[in-house]
Amino acid sequence: MSLHLELLNPEQLAAVTLPDEHALILAGAGSGKTRVLTTRIAWLVKGGRVSPAQLLAVTFTNKAAREMLTRITAMLPLNPRGMWIGTFHGLCNRMLRVHHRDAGLPQSFQILDSQDQLAALKRLCKALGVDEDRIAPRDLQYFVNAQKEEGVRARDVPAGDENTRRLTELYAAYDEQCQREGVVDFPELLLRSFELLKNHEILRAHYSQRFRHVLVDEFQDTNRLQYRWLKLLVSPQTSLFCVGDDDQSIYTFRGAHVGNMSDFEREFRVRHVIRLEQNYRSHGNILDAANALIANNRKRLGKNLWTAAGAGEPIRVFEGESDADEARWVVEEVQALAREGTRRSQMAVLYRSNAQSRVLEHALFSQGVPYRVYGGLRFFERAEIKHALAYLRLVALPDDDSAFLRVANFPPRGIGARTLEQLQDAAKQARVPLLKVSEGKASIFKNLIEGLKTETQGLPLHEIVEIVIQKSGLIEHYKTEREGADRIQNLEELVNAAATFSEEDREVESGEAADPLTAFLTHAALEAGEHQAGEGQDALQMMTVHSAKGLEFDVVFLSGLEEGLFPHEQSAMERDGLEEERRLAYVAITRARNRLYLSHAQTRMLHGQTRYNVASRFLEEVPQQLMKWLTPRFSRQKAFAPDFSRSNQPFPLKKAVSREVGGFRIGQNVVHPKFGSGVIVDAEGQGTDARVQVNFGSQGVKWLAVAVAKLQAA
DNA sequence: TACTTTGTCCTTTTT
DNA sequence: GGACAAAGTA
């Protein structure tokens, strides 16, 4: 058991042994960030500067929190119970369970995941007769979460247009519904905890004086509310230690606010900003490529990665004729590398969007290459598991109408839509939960739940789960279903999960303030489970660039480097969208240890149409001397296409090649009697069906049938 | 009430 | 092309 301070480089050592003061650590990709965080915690405790109970360390993912805990306990023999190490949501949950009265919540409040939240909003809209064409539940969900993440309650939403007003009304009604039912959605966990501290000075004083050191991982991903929450936990005696990398900020779309880094530096008069720039992961060429690429961003705190390792191999670049061709090539390379001894699990294919995995999977499957795709349905998100959890939620908290509606008639027991509507009316009148007004047909269900509650009282967790999945009729039901065997297996797996969910898990995750069933349900909501059971096979790793963050591989394929895809066309609509796309590319490149492949395809099937794509500008931003082209560079494109990469038009996207449609070609300038002059950006169909997509600038982008539209070459 | 058919919309994701 | 939801049919 040792901290091995001698293995740290000077900057790492400085960060680890910083005196008690605020600090900002700019930790580049592969610079040993986690090591610095964990070693600092161990160093603080070992030196007697703090007790574990005076420490709070917060991350974004359970995985990161677990890893931190494992590494700390490897350095120091510690009891993890006293330490507040976890995710923002996990820690907030813990605080809310302890102070549930002050927070105005039942102790066994249930947590809605995004799916549950959407269902609850849909239910609300229906009950209030909201026209879904005017307000889509999805938009409402987005609105509610965005407000909560800014710390804004419905009553505080600034007056806006008609639409905002309606959304705000629904926001208020939704919060009321949640309060009545004793449920809390993800952003609410944070907001409630924030308000708890804000409105109860005694509590705030208690925690802020208790925590002498607050450490934050992935600080660039924090949203405004999270930062404000952190600030409430800081007293004059507290040192706030934030680690992050502005160049790896890729979650703006879900509220992350990189500006927190500079705000923190300013507001806390941070004296020490330490840059960790030595990279221990990648060879020089890969880092040079990453550095050159990210240098094109204007908004940066500034950082340059370097390595003591050699230049390594050149970056290999491939141009496919089509997405299928690109996939075929990837498979060949993977097979060749595997033959030479690289493990498939050390190779990753990264892509911008999930839809791209299909073609790759097809090629891999047909060649029999084992692969694993990340990002699918996770264990606790499966329908049968959600059903079982709904029964358990009702046992834990009878007020939970979301759970009620999910399983009242599942398995089918003759409680149809009409009965449910009547129940909902009655419940609304009496302002009581659905379970309470369940009479007539619905009393079957009421009796079932109440029976389960008495029967499972005081039993060990796994027995509760076992009894519930049996008596609910779920097992019985799936036995009759064609593909029910897998579902039954998953339900059995849920019993196993309950059996291995230990007292210790419970205390580390929720403190001592929750009963075992509630703690387990919380665990299920906050930790949806590993993506999929990882079969032990040596499989090629496939995932989006987003999910690759934090990971590393010997070999990385970054595929689909095309304008419109990566950078994604949607990003052009967002403020600083292109810079975020570039950071995304930066993250992708810096995943590679030894070998990096970049590829793009001339044509790609997207939304059921073949699109002609220009190579991504990011390919141009990597210095050519670092790259080795496996195909003639931009072979077919250069001859015909205008060079869009330096034009002001953000996304000309479609490639001006070969195909002529009704006498027009992509890239051609045209004039329309009504819309004026424009440029053809896409084309499809043949003969009389031929259509072209024309960008008319201020007049918009339009699809026009060549046979009909009075289009002239300009 | 359960199944089929048609219509709409397509990033990225953790909690 | 395909997922998902709403509308249509037995």
Side-chain angles (χ1 to χ4, degrees), chain A residues 58-65 86-94 111-119 122 126 132-133 136-139 142 145 148-149 184-191 193 217-218 221-223 225-226 249-256 323-324 350-359 361-362 374-378 380-381 409 412-420 509 522-531 543-550 560 564-574 577 580-581 583-585 587-588 604-611:
Chain A
V58 62
T59 63
F60 275 88
T61 65
N62 293 296
K63 195 176 162 201
T87 63
F88 278 101
H89 293 84
L91 296 178
C92 288
N93 168 66
R94 185 171 175 174
I111 298 168
L112 302 184
D113 66 18
S114 315
Q115 218 184 312
D116 301 332
Q117 183 192 30
L118 186 61
K122 280 183 182 168
K126 214 165 204 174
E132 292 206 358
D133 288 336
R138 277 225 163 277
D139 294 342
Y142 180 84
N145 290 349
K148 289 190 179 184
E149 278 160 11
V184 162
D185 59 38
F186 284 140
E188 183 73 20
L189 280 172
L190 279 151
L191 184 50
S193 172
D217 189 19
E218 304 277 20
D221 287 339
T222 51
N223 64 32
L225 182 59
Q226 286 160 338
S249 162
I250 57 175
Y251 285 115
T252 308
F253 71 92
R254 64 172 201 217
D323 47 356
L350 309 184
Y351 34 81
R352 173 69 238 265
S353 59
N354 285 305
Q356 288 166 252
S357 75
R358 175 174 305 281
V359 188
E361 282 186 74
H362 180 77
Y374 286 76
L377 250 201
R378 294 185 298 175
F380 287 112
E381 291 167 355
N409 198 35
R413 46 175 74 90
I415 305 176
R418 213 178 52 242
T419 314
L420 286 176
E509 287 179 19
T522 299
H523 171 79
L526 290 184
E527 184 158 10
E530 291 298 291
H531 283 273
M543 64 195 83
T544 64
V545 180
H546 280 94
S547 27
K549 187 167 165 218
L565 244 199
F566 200 0
H568 199 281
E569 52 196 337
Q570 301 281 349
S571 70
M573 324 273 238
E574 287 148 23
E580 179 130 330
E581 293 289 305
R583 290 193 291 271
L584 203 45
V587 167
R604 184 175 297 275
M605 194 67 143
L606 207 63
H607 311 323
Q609 290 184 344
T610 304
R611 303 213 335 186

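So you know, we letter chains A, B, ... as the sequences are listed, proteins then strands, and number each from 1.
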Legend entry - N/O (side chain, A:Asn354) to phosphate O (OP1/OP2, B:dT13) under 4.0 Å: yes
Legend entry - B:dT15 phosphate, OP1 or OP2, under 4.0 Å from A:Asn62 side-chain N/O: yes
Legend entry - B:dT13 base stacked by A:Tyr251 (centroids within less than 5.5 Å, tilt under 30°): no
Legend entry - 5' to 3' contact window, DNA chain C with chain A (heavy-atom distance under 4.0 Å): C:dG1 to C:dA6
Legend entry - Base-pairing string, 5' to 3', of DNA chain B - Watson-Crick or wobble, under 3.5 Å, | interstrand: ||||||||||.....
Legend entry - Salt-bridge present (A:Arg583, A:Glu580; N to O < 4.0 Å): yes
Inset, instruction - Could you tell me whether the side chains of A:Gln356 and A:Ser353 share a donor-acceptor contact shorter than 3.5 Å? - result: yes
Legend entry - Any A:Ser547 side-chain nitrogen or oxygen under 4.0 Å from OP1 or OP2 of B:dT13: yes
Inset, instruction - Go through the structure and list residues passing salt bridge (Lys or Arg N to Asp or Glu O under 4.0 Å) with A:Arg352, not counting sequence neighbours. - result: A:Glu581
Inset, instruction - Return the nearest nucleotide to the side chain of A:Thr61; candidates are B:dC10, B:dT13, B:dT15. - result: B:dT15
Inset, instruction - Could you tell me whether A:Asp113 and A:Arg378 have a side-chain N and a carboxylate O separated by less than 4.0 Å? - result: no
Legend entry - Any A:Arg254 side-chain N or O less than 4.0 Å from OP1/OP2 of B:dT15: no
Legend entry - Where the chi angle of B:dT6 falls, syn if within 90° of 0 and anti if not: anti
Inset, instruction - Respond yes when some side-chain nitrogen or oxygen of A:Ser571 is under 4.0 Å from OP1 or OP2 of B:dT11, and no when none is. - result: no
